[in-house]
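Numbered from 1 within each chain, the chains take letters A, B, ... in sequence-line order.
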Amino acid sequence: MRNKELSNIFERIADALELKGENPFKINAYKKASRIFKELPEDIEVYYKNNTIQEIKGIGEGIAKKVKEYIETGKMHKYDEAMKGIKPEVLEMLNIPQLGPKTLKIFKDKFGVRNLQDLEIALNARELEEFPGMGKKKIENIRKGIELYRQLKGKGRRYLIGEVYPIVNRINSLLKGIGAKHRIEICGSFRRMKETVGDIDILVEGEDEDIIKKFVQFPLFERTLAAGKTKASVIEDATKIQIDLRLVPSISFGSALQYFTGSKPHNMRVREIAKSRGLKLNEYGLFKGEKQIAGTNEEGVYNALGMDWIPPEMREDRGEVELSLAHKIPRLVETSDIKGDLHIHSTYSDGNLTIEEIAEIAREMGYEYIGISDHSISAKYARGLNIETLKRKNCEIDELNKKFKGKPYILKSAEVDILSNGTLDYPDEILKSLDIVIAAVHQGFKKNVTKRIMEAMENPYVDIIAHPTGRLIGKREGYDVDIEKVINYAGETNTILEINAYYERLDLNDINARIAGEKGVMLAINTDTHSKFMFNNIIFGVGIAKRAGLVKDNILNTYPLNKMLKQLKRNG
DNA sequence: GCCGTTTTCGGCCCGACTGTTTTCAGTCG
């Protein structure tokens with residue numbers, strides 16, 4: 001799979017050309033190519049073999065040729081040419097906030113800056129201020145940018161959506177406290193439920209500039225980057241995440257929401273459509289000449305373009321624009337469709353809630369059923385259950401089921417390890433005695449993982465594979481696993497794959513979940529809960545499912561209890 | 001470099017904020 005390599009190469013070409021002051025549209029074409037290869041679900045070599053590289057939208061003759069060259073020779077002439085005279089350290093400096101390609105070029109060409117140390121020296125040079133366009137404040141802003149860059153490892157730093165969630169809640173209530181009475185919406189990648197978020201974009205309906213003034217005074221901010229009449233940018237103290245707030249009049253709120261939700265590629269497509277119909281779309285509305293024809297709400301904007309409203313999670317230019325034009329946007333799965341959580345740990349292993357406490361929380365949440373899936377023998381680090389303890393636990397579940405009278409119904413389950421040697425951590429007769437079994441890799445991440453998972457799927461009592469790739473976002477790459485093979489084999493063996501909703505996992509991710517859905521593989525959205533507050537992580541898993549374009553029927557735990565159990569291969 | 005129900009050439013999304021300007025360039029999203 002060389003998709004990622006190609007994505008990186010084209011990104012660096014784009015950066016290098018930017019520094020050289022090339023035609024911005026050409027640069028954009030390379031950036032677009034970089035994104036396309038990053039998100040392409042299929043291996044580029046398949047396109048190469050079928051001679052269909054150029055059929056990918058956004059890839060034309062020029063880039064197709066370069067891709068071919070790279071696949072055949074392992075080199076790309078254009079890349080070498082673009083990088084000529086540019087050190088990687090210089091490209092890296094493009095990640096410094098307030099320092100764009102134009103300014104960096106000046107430092108590079110006029111001051112011989114080749115790395116961050118050089119840059120800091122140059123910033124102190126007396127003759128700098130005499131340069132046209134270089135003033136005291138600009139220099140100071142670049143200094144601040146460097147400071148921020150050091151703290152954040154560059155503006156490319158992204159935050160887990162689950163980390164950002166509490167900050168967003170806090171700001172939301174603070175805004176209500178200062179009299180933001182009308183619509184308040186968080187847009188951007190947060191609204192699209194991306195697994196990571198680069199910054200927080202907030203829209204507030206209204207025209208009272210006092211809101212901006214009060215907003216920048218919130219105690220949780222470290223500094224204000226900008227504050228004008230309609231827009232403010234601040235840095236949050238604890239995380240250093242940037243938060244942008246925009247004040248938008250009612251008449252434009254829908255178009256602003258559409259605009260600031262993105263994604264950028266999605267918006268560009270929608271604007272193209274507007275333009276092709278002789279209309280103009282911006283954050284203030286949809287216009288025919290001078291006349292505004294939509295903008296107070298999002299639906300109105302899409303409808304006026306002959307499109308159906310598109311759920312934010314789908315807005316990545318991955319085919320949703322076409323679906324919308326054809327009025328074929330599906331009704332995606334919602335958190336309210338979830339009837340139970342099938343991956344929960346109790347105090348029997350490494351959870352910190354008793355089964356009874358779990359059942360009470362589940363009842364409050366309105367769940368119909370829960371699966372208590374504690375770890376198996378070999379998971380020593382997580383106090384995995386031996387067979388005797390597992391039996392005792394099952395007796396307790398029987399008792400509690402009498403007590404709770406099926407509200408919720410408690411399922412006997414286990415998260416059973418797929419051992420390094422490929423066998424399962426409990427014998428078949430134990431697996432058979434449970435209601436539902438989840439199998440997972442927790443050891444031997446590089447040892448025949450694909451084969452081991454496939455063997456586990458052959459077991460008639462393995463119903464679900466938990467976190468199938470094992471990645472931890474920003475922390476761990478994941479198993480050495482051929483996930484496409486696993487997805488295909490799940491289809492053949494009628495095994496369910498998990499979308500693990502814990503925000504550090506989100507595994508399967510959106511792209512793999514989409515592939516699974518397209519192949520008719522059933523998925524289960526589970527939280528892997530270990531403590532009370534983790535139940536709420538279900539929203540992140542549902543977000544991934546929506547990003548994958550999945551509907552209720554794709555998701556095992558949207559079915560009522562009996563129908564859900566019938567989906568399991570042990571019962572089919 | 002990509003792309004085409006106005007085009008195979010001439011467009012390419014569009015605006016806010018800042019700073020250094022006196023009409024605009026750079027950066028950002």
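- Residue pairs that meet the salt bridge (Lys or Arg N to Asp or Glu O under 4.0 Å) test with at least one member in residues 293-305 of chain A, sequence neighbours left out, are A:Arg191-A:Glu298, A:Glu298-A:Arg315.
- Here A:Asn554 pairs with A:Leu550, A:Val551 under the side-chain contact (heavy atoms from CB on, under 4.5 Å) rule; sequence neighbours left out.
- In this entry the base of B:dT7 is syn relative to its sugar, with a glycosidic angle within 90° of 0.
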Set out, line by line, the N/O atom pairs under 3.5 Å between protein and nucleotides 1-11 of chain B.
unit_1, atom_1, unit_2, atom_2, d
B:dG1, OP1, A:Lys66, NZ, 3.2
B:dG1, O6, A:Asn23, ND2, 3.0
B:dC2, OP1, A:Gly60, N, 2.6
B:dC2, OP1, A:Gly60, O, 3.2
B:dC2, OP1, A:Ile63, N, 3.1
B:dC2, OP2, A:Gly62, N, 3.0
B:dC3, OP1, A:Gly58, N, 2.6

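- When only modelled atom types and interatomic distance are considered, A:Gln258 and A:Ser255 share no side-chain donor-acceptor pair under 3.5 Å.
- Scanning residues 296-329 of chain A for heavy-atom distances under 4.0 Å to DNA chain B yields an empty list.
- For the side chain to side chain donor-acceptor pair (under 3.5 Å) with A:Asn500, the lone residue among A:Asp507, A:Asn537, A:Asp528, A:Thr527 that qualifies is A:Asp528.
- Applying the salt bridge (Lys or Arg N to Asp or Glu O under 4.0 Å) test to pairs two or more places apart or on separate chains, those with a residue in residues 305-314 of chain A are A:Glu313-A:Lys546.
- A:Glu18 has its CD atom 10 Å from the C1' atom of B:dT27, to the nearest Å.
- Taking atom CD1 on A:Ile96 and atom P on B:dT27, their separation rounds to 12 Å, with Å as the unit.
- Rounded to whole Å, the separation between the P atoms of B:dG1 and B:dT5 comes to 23 Å.
- Residues A:Asn3 and A:Lys38 fail the side-chain proximity criterion, which asks for heavy atoms closer than 4.5 Å.
- Here A:Asn50 pairs with A:Val46, A:Thr52 under the side-chain contact (heavy atoms from CB on, under 4.5 Å) rule; sequence neighbours left out.
- Taking the P atom of each, B:dG15 and B:dT23 are spaced 23 Å apart, rounded to whole Å.
- Aromatic ring centres of A:Phe131 and A:Phe111: separated by under 6.0 Å.
- Using atom C1' as the reference point in both B:dT21 and B:dG29, the two lie 24 Å apart (nearest Å).
- Following rounding to the nearest Å, A:Ile243 (CD1) and B:dG29 (P) show an atom-to-atom distance of 14 Å.
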N/O-N/O pairs, protein side and nucleotides 18-20 of chain B side, under 3.5 Å:
unit_1, atom_1, unit_2, atom_2, d
B:dT18, OP1, A:Ala227, N, 3.1
B:dG19, OP1, A:Asn141, ND2, 3.4
B:dT20, OP1, A:Gly135, N, 2.8
B:dT20, OP1, A:Gly135, O, 3.0
B:dT20, OP1, A:Lys136, N, 3.2
B:dT20, OP1, A:Lys137, N, 3.4
B:dT20, OP1, A:Lys138, N, 3.2

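- Not counting sequence neighbours, A:Phe25 has no partner by the ring-ring contact (aromatic ring centres under 6.0 Å, His included) test.
- When the side-chain contact (heavy atoms from CB on, under 4.5 Å) test is applied to A:Phe37, the partners found at least two apart in sequence or on another chain are A:Leu6, A:Ser7, A:Phe10, A:Ala33, A:Leu40, A:Ile44, A:Ile59, A:Ile63, A:Val67.
- Across the protein-nucleic acid pair, A:Phe107 atom CZ and B:dG26 atom C1' stand 13 Å apart, rounded to whole Å.
- Following rounding to the nearest Å, A:Gln258 (CD) and B:dG29 (C1') show an atom-to-atom distance of 14 Å.
- The phosphate of B:dC17 has neither OP1 nor OP2 within less than 4.0 Å of any side-chain N or O from A:Ser233.
- If you take CG of A:Asn267 and P of B:dG15, they are 14 Å apart, rounded to a whole angstrom.
- We find that CG of A:Leu94 is positioned 9 Å from P of B:dT27, with the value rounded to whole Å.
- Only the C1' atoms considered, B:dC3 is 10 Å distant from B:dT7, to the nearest whole Å.
- In this structure, A:Lys229 and A:Leu104 both approach DNA chain B, and ranking their closest nucleotides by distance from the 5' end singles out A:Lys229.
- For residues 71-89 of chain A, the set of pairs meeting the salt bridge (Lys or Arg N to Asp or Glu O under 4.0 Å) definition, not counting sequence neighbours, comprises A:Lys78-A:Glu81.
- Under the Watson-Crick or G-U wobble criterion, with both distances below 3.5 Å, B:dG10 is paired with B:dC3.
- If you check distances only, the side chain of A:Tyr259 does reach the base of B:dG29 with a donor-acceptor pair under 3.5 Å.
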Table please: side-chain donor-acceptor pairs of residues 283-296 of chain A below 3.5 Å, with sequence neighbours left out.
unit_1, atom_1, unit_2, atom_2, d
A:Gln292, NE2, A:Ile251, O, 3.0
A:Gln292, NE2, A:Ala294, O, 3.0

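- Taking atom CG of residue A:Leu247 and atom C1' of nucleotide B:dG15, one finds them 16 Å apart after rounding to whole Å.
- B:dC14 and B:dC9 have their P atoms separated by 24 Å, given to the nearest Å.
- Taking the P atoms as reference points, B:dC17 lies 24 Å from B:dC12, given to the whole Å.
- As rounded to the nearest Å, B:dC28 and B:dT20 have P atoms that lie 16 Å from one another.
- Partners of A:Tyr48 according to the ring-ring contact (aromatic ring centres under 6.0 Å, His included) rule, which considers only residues two or more places apart in sequence or in another chain, do not exist here.
- Across B:dG4 and B:dT8, the matching P atoms stand 13 Å from one another, rounded to whole Å.
- Heavy atoms of A:Pro101 sit under 4.0 angstrom from primed sugar atoms or phosphate atoms, though from no base atom.
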